[in-house]
J.: 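Can you keep this structure in mind? I'll have questions shortly.
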There are 2 protein chains.
Amino acid sequence: MEDSLVTVETGFIDGMGQLADYWGYNKVVGWIYGLLYLQDGSLSLESVAAELQVSKGNISINVREAERLGMVKKVWKKGDRKDYYEAEPNLWQVIRRITRERQKKEFDFAMETIKTGLDGLELLESNTQQVRFARKRLNQMSSFLKSTNAIISGLLSLETLKGAAVQACPVRSRLPGRTSD
Amino acid sequence: MEDSLVTVETGFIDGMGQLADYWGYNKVVGWIYGLLYLQDGSLSLESVAAELQVSKGNISINVREAERLGMVKKVWKKGDRKDYYEAEPNLWQVIRRITRERQKKEFDFAMETIKTGLDGLELLESNTQQVRFARKRLNQMSSFLKSTNAIISGLLSLETLKGAAVQACPVRSRLPGRTSD
DNA sequence: TCTAATGTTTAGTACTTTTAAAACACTCTA
DNA sequence: TAGAGTGTTTTAAAAGTACTAAACATTAGA
């Protein structure tokens, strides 16, 4: 029976790994989160390494990444030299932080690329159909990015995630109150 | 001067490649989209390969992926055996399709993982604190996923992207009418 | 049916990423 | 200050991915 709980946990942890991988992070980041998410309390770096059967060097690197992403927190235990970690249980917090980071990076990068392009086009003395077309396209992409950025920033600025708030927007009276967690 | 337009285009195309890479797709998919997005008309597979200086085998594979993602469309020219491609100019359409695919895949996968876990826990005859805790956590994640899924589905079901609709939601009177494109 | 034009698939190479193991560094206690 | 217990960094190898060139397949016209 104890064995079966481990089986279930392993399946879940592996799933988290696949999701992390899908989001472009190391699968071990997902494993760590999955393991800690199911833990009622914290685990030391060594225990995490042992549980996941991964070298402690690997855990050292990936737990730091998980921390940076706001997925896990370091916990101090007085009189103990080990580092303990526990999962951030609020999933909206986790997703929000990760998405925000990506959002910012991508938006800034894309805008920079477009701005550089438009500036370059401005400097051309020629004004061929080609040049005018390129300018038009860059401007279209620029305003699209500004719109989506505003939308996503709006979503991410919500402190709490209320179930299906966006969908309910045109029918505000029907807003379902809250979501557990 | 013609030379400078090429420089600008190259910068933009490369930027699209980096974004594609960031989203977990092959950078060449981004290059292809970038090249075609700046093109007033269509290009043949061979021209694309020549412009991007990439083997046609590579373009063959990645243009198919770009097509699958709704980023480019094949254009038929009668009396011409070549395949021509052009970019989907509506960026909202592109993002929507890509996001939808990811959303669906990830959501279904995560829900499946959780359901399998909960079913496994159900079968355990033991009911330790550990088991109850795992059950609680899986349920929390499940309802979180359902909420976010509803929100994202709602967003993606919009036919047109109106600038900053979400942010403006609490102040509907200030909704900026439309976005170009 | 032969040839030329085009797109697709394959096989091997090159490149990139991930990993474990080991060396290293730090800190606390005796 | 020696030694044990921890976490971090480095390094070399393994695993995975992407790319080109070439072989292959398909089609259309001569």
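Only heavy atoms go into these numbers, but all of them, side chains included; no hydrogens, no water, no symmetry mates. Just so it is clear: chains get the letters A, B, ... in the order the sequence lines come, proteins before strands, and each one is counted from 1.
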J.: What is the distance from NZ of A:Lys77 to P of D:dG7, rounded to the nearest Å?
T.: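 Going from NZ in A:Lys77 over to P in D:dG7 covers 12 Å.
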J.: Does the side chain of A:Arg132 pick up a donor-acceptor pair with the side chain of A:Gln129 at under 3.5 Å?
T.: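 There is such a pair (donor and acceptor under 3.5 Å, judged by atom type) between the side chains of A:Arg132 and A:Gln129.
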J.: Checking contacts here: which listed nucleotide (D:dG7, D:dT8, C:dT9) is nearest the side-chain heavy atoms of A:Lys82?
T.: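 Between D:dG7, D:dT8, C:dT9, the one nearest the side chain of A:Lys82 would be D:dG7.
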J.: Atom CD1 of B:Ile61 to atom C1' of D:dA22: distance rounded to whole Å?
T.: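 Checked: the CD1 to C1' distance equals 14 Å.
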J.: Between the base of D:dT6 and the side chain of A:Arg81, is there any donor-acceptor pair under 3.5 Å?
T.: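 No, the side chain and the base share no sub-3.5 Å donor-acceptor pair.
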J.: Just the rounded figure in Å: distance from C1' of C:dC15 to CG of B:Asn26.
T.: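 Distance, rounded to whole Å: 13 Å.
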J.: To the nearest 0.5 angstrom, please state how far the CE atom of A:Met16 sits from the CE atom of A:Met71.
T.: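 Going from the CE atom of A:Met16 to the CE atom of A:Met71 covers 8.5 Å.
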J.: Write down the distance between CH2 (A:Trp76) and P (D:dG7), rounded to a whole number of angstrom.
T.: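 Taking atom P of D:dG7 as the reference, CH2 of A:Trp76 is at 10 Å.
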J.: Please tell me which of the listed nucleotides, D:dT20, D:dC19, D:dG7, lies nearest to the side chain of B:Ser55?
T.: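 Per side-chain heavy atoms of B:Ser55, the pick is D:dT20.
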J.: Using a 4.5 Å cut-off on heavy atoms from C-beta on, say whether the side chain of B:Phe109 contacts that of A:Tyr22.
T.: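 No, too far: nothing below the 4.5 Å cut-off.
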J.: The side chain of A:Asn58 lies closest to which of these nucleotides: C:dA20, D:dT27, C:dT27?
T.: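 That would be C:dA20.
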J.: To the nearest Å, how far apart are A:Ile59 CD1 and C:dA20 C1'?
T.: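 Answer to the nearest Å: 12 Å.
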J.: Toward the 5' end of DNA chain C, which comes first, A:Asn62 or B:Tyr84, by nearest nucleotide?
T.: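 By nearest-heavy-atom nucleotide position, the 5'-most residue is B:Tyr84.
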J.: Between atom CG in A:Asp21 and atom C1' in C:dT17, what is the gap in whole Å?
T.: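 Spelled out: CG on A:Asp21 to C1' on C:dT17 is 11 Å.
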J.: Check every atom of C:dT9, D:dT9, C:dG7 against the side chain of B:Lys56 and return the nucleotide holding the closest atom.
T.: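 Closest of the options to the side chain of B:Lys56: C:dG7.
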J.: Is there a side-chain contact between B:Leu155 and A:Leu155, using heavy atoms and a 4.5 Å cut-off?
T.: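 Side chain of B:Leu155 against side chain of A:Leu155, heavy atoms only: contact under 4.5 Å found.
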J.: Any side-chain donor paired with an acceptor under 3.5 Å for A:Gln103 and A:Arg100?
T.: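 Per modelled atom types, A:Gln103 and A:Arg100 side chains form no pair under 3.5 Å.
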J.: Using a cut-off of less than 4.0 Å, is there contact between a side-chain N or O of A:Lys27 and OP1 or OP2 of C:dT19?
T.: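 Answer is yes, contact under 4.0 Å.
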J.: Of the nucleotides C:dG7, C:dA20, D:dT9, which one has an atom closest to the side chain of B:Asp83?
T.: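 Within the option list, the nearest is C:dG7.
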J.: Whole angstrom is fine here: how far is it from CD in A:Gln53 over to P in C:dT18?
T.: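 From A:Gln53 CD to C:dT18 P: 21 Å.
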J.: What's the CD-C1' distance between B:Glu46 and C:dT8, to the nearest Å?
T.: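 After rounding, the gap between these two atoms is 14 Å.
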